Number of protein chains: 2
Amino acid sequence: MAAPKDPRPCSIADALALVGEKYSLLVLREVCLGNRRFDQLVRNIGAPRDVLATRLRRLVDAGILTRRTYSEHPQRFEYRPTEAGLELEPVLMTLMAWGDRHLRRDQLDRPMVIEHICGNELIPAVTCTACGAPVHHQDLTAHPQTPGWTVTGPTAA
Amino acid sequence: MAAPKDPRPCSIADALALVGEKYSLLVLREVCLGNRRFDQLVRNIGAPRDVLATRLRRLVDAGILTRRTYSEHPQRFEYRPTEAGLELEPVLMTLMAWGDRHLRRDQLDRPMVIEHICGNELIPAVTCTACGAPVHHQDLTAHPQTPGWTVTGPTAA
DNA sequence: AAGGGAGGGTTTGATTTTCCAACTGACCAA
DNA sequence: TTGGTCAGTTGGAAAATCAAACCCTCCCTT
């Protein structure tokens with residue numbers, strides 16, 4: 001009994017409903033970098049304080065961040081990523097690499113470099129777990145599981 | 001001469017400035033699936049028509065989509081991903097996998113399955129290009145390139 | 001010739017969000 | 001006593017979102 005204008009059911013949409021609002025992923029970036037305090041987040045992200053407070057509540061509710069007291073008297077809190085939050089970090093790394101590649105003429109002028117434990121700079125690649133190959137559009141075929149939600153072109157079923 | 005409240009310079013933020021608005025990544029999902037027409041996008045995404053029109057203009061301006069005439073008389077257009085747009089697809093796949101893992105109790109009830117050319121279902125992993133290992137938070141160290149933008153915790157410099 | 005539908009938007013007006021600056025309230029240090 | 005840190009909340013103006021209606025061009029059917 002789906003209403004005629006329900007959007008396509010999709011985990012991308014569901015994920016973005018949690019972390020797709022303005023600043024949410026930047027909050028995650030900062031807490032992953034170890035910046036856990038409200039004022040630090042305000043400064044590093046450049047978000048209005050009230051919006052940031054709203055986002056933090058939402059991310060905590062979603063189980064992506066935890067809010068921990070680090071001082072009673074005065075009450076002070078810090079935010080840390082949960083396991084689920086840390087698992088979004090690869091998304092951030094991939095997005096950062098895309099930005100470095102497409103949004104900067106000078107590839108040597110990157111705002112931030114991530115070092116991997118292997119000793120090299122991290123240049124992330126999204127690969128197929130089964131075969132190990134990097135993921136390319138033309139190698140993918142989508143199979144919607146809900147009747148009625150067809151796909152029409154390349155990446156089609 | 002940075003104003004005291006400039007946010008951290010970062011390619012994640014720059015990328016999100018282009019594709020971080022509501023619906024933008026869903027537009028990319030649809031065009032990657034081969035759904036290229038305005039009305040199709042409206043239906044599949046569930047976005048208001050005016051907002052969608054705004055997003056499409058922005059994505060075309062950003063070089064992530066192209067707008068092609070597929071019929072004069074009447075004038076009709078279709079949207080396709082550019083090379084840069086296609087390179088964002090791995091971000092979508094990673095986000096989808098995260099959503100499948102964390103947002104659904106029943107792992108067998110996924111809204112969409114992607115098949116890789118290798119014959120298996122695509123389960124994407126973000127790996128280090130240099131050593132091939134999957135990317136985990138504790139293996140990363142961040143090095144901001146701009147003086148003054150320190151990081152404090154794990155993933156710290 | 002008159003509808004009706006598809007397609008790709010724009011317009012209108014009401015509702016929500018965002019944004020910014022100022023403020024609170026608890027504490028500490030000079 | 002004044003000033004600063006920290007974690008927010010409050011108030012009011014500005015911007016974005018939303019749904020529904022409208023527009024225009026074409027094709028098809030009656």
Side-chain angles (χ1 to χ4, degrees), chain A residues 2-7 13 16-27 30-31 34-62 65-80 148 150 152-153, chain B residues 2-7 13 16-27 30-31 34-62 65-80 148 150 152-153:
Chain A
K5 52 161 290 216
D6 284 350
L16 288 174
L18 295 186
V19 298
E21 292 170 297
K22 200 171 177 184
Y23 304 121
S24 292
L25 285 176
L26 298 183
V27 170
E30 287 300 317
V31 298
N35 296 320
R36 312 191 166 104
R37 275 118 115 125
F38 189 85
D39 272 24
Q40 236 170 355
L41 298 176
V42 168
R43 277 193 300 276
N44 292 3
I45 295 170
R49 306 175 76 81
D50 57 339
V51 175
L52 186 61
T54 305
R55 294 293 179 276
L56 287 169
R57 270 189 293 267
R58 197 161 166 51
L59 290 170
V60 169
D61 288 354
L65 299 182
T66 56
R67 185 183 191 248
R68 287 185 28 164
T69 299
Y70 73 86
S71 150
E72 329 254 357
H73 296 305
Q75 279 228 307
R76 292 291 147 76
F77 310 99
E78 63 180 12
Y79 297 89
R80 288 163 179 269
T150 56
T152 63
Chain B
K5 52 162 289 218
D6 285 351
L16 288 174
L18 295 186
V19 299
E21 293 170 298
K22 200 172 177 184
Y23 306 119
S24 292
L25 285 175
L26 299 183
V27 170
E30 287 301 317
V31 298
N35 297 320
R36 313 193 167 103
R37 275 118 113 125
F38 189 86
D39 273 23
Q40 237 169 355
L41 298 177
V42 167
R43 278 193 299 276
N44 292 3
I45 295 170
R49 306 174 76 81
D50 57 339
V51 175
L52 187 60
T54 305
R55 293 294 179 275
L56 287 169
R57 270 189 293 268
R58 195 160 169 52
L59 290 170
V60 169
D61 287 354
L65 260 43
T66 56
R67 184 182 193 250
R68 287 185 28 164
T69 299
Y70 73 87
S71 150
E72 327 255 358
H73 297 309
Q75 280 229 307
R76 293 290 149 77
F77 310 99
E78 62 180 14
Y79 297 90
R80 288 162 180 268
T150 56
T152 63

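Atom set for the values below is all heavy atoms of this structure, side chains included, hydrogens, waters and symmetry mates excluded. Just so it is clear, the structure is predicted and the values come from calculations on it, not from any experiment. Below, chain A is the first sequence line, B the second, and so on; all start at residue 1.
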Beyond-backbone contact of [X] with [Y], side-chain heavy atoms, under 4.5 angstrom:
X: B/Y70; Y: B/R36; value: no
X: B/R55; Y: B/E21; value: yes
X: A/L18; Y: A/R58; value: yes

Residue among B/N35, B/L56, B/T66, B/L59 satisfying side chain to side chain contact (heavy atoms under 4.5 Å, CB included) with B/Y79: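 The single option meeting the side chain to side chain contact (heavy atoms under 4.5 Å, CB included) with B/Y79 is B/L56.
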
Please state how far atom [atom1] in [X] lies from atom [atom2] in [N], giving the value in whole angstrom units.
X: A/Q75; N: D/dG8; atom1: CD; atom2: C1'; answer: 12 Å
X: A/I45; N: C/dC19; atom1: CD1; atom2: P; answer: 12 Å
X: A/Q40; N: D/dG8; atom1: CD; atom2: C1'; answer: 16 Å
X: A/E72; N: C/dC28; atom1: CD; atom2: P; answer: 13 Å
X: B/N35; N: C/dG8; atom1: CG; atom2: P; answer: 12 Å
X: A/E78; N: D/dT5; atom1: CD; atom2: C1'; answer: 16 Å
X: A/H73; N: C/dC27; atom1: NE2; atom2: C1'; answer: 11 Å
X: B/R37; N: C/dG7; atom1: CZ; atom2: P; answer: 7 Å

[options]: which one has an atom nearest the side-chain heavy atoms of [X]?
X: A/K22; options: C/dT18, D/dA7, D/dT25; result: C/dT18
X: B/D50; options: D/dC18, D/dA7, C/dC20; result: D/dC18
X: A/R49; options: D/dC6, D/dC18, D/dG8; result: D/dG8
X: A/V51; options: C/dC19, D/dT9, C/dG8; result: C/dC19
X: A/R67; options: D/dT25, D/dA7, D/dT9; result: D/dA7

Answer with base, sugar-phosphate or nothing: what part of the nucleic acid does A/F77 contact at a heavy-atom distance below 4.0 Å?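 Sugar-phosphate contact only - A/F77 comes under 4.0 Å of backbone atoms but never of a base.
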
Assign each of B/R57 and A/A47 to its nearest nucleotide of DNA chain C by heavy atoms, then name whichever residue's nucleotide is nearer the 5' end.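 Going by which nucleotide is closer to the 5' end, it is B/R57.
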
Where each residue is assigned the nucleotide of DNA chain C containing its nearest heavy atom, which of A/R76 and A/Y23 is assigned the position nearer the 5′ end?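 Nearer the 5' end of the strand: A/Y23.
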
Contact under 4.0 Å: B/Y79 side-chain N or O vs C/dG9 OP1/OP2: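 Answer is yes, contact under 4.0 Å.
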
Taking for each residue the nucleotide of DNA chain D bearing the nearest heavy atom, is the 5' side occupied by A/A53 or by B/R55?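 Between the two, 5'-proximity favours A/A53.
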
Test your reading of the model: is there a side-chain donor-acceptor pair from B/R49 to the backbone of B/F38, 3.5 Å cut-off?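 No; judged by distance alone, with no hydrogens or angles, the pair does not exist.
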
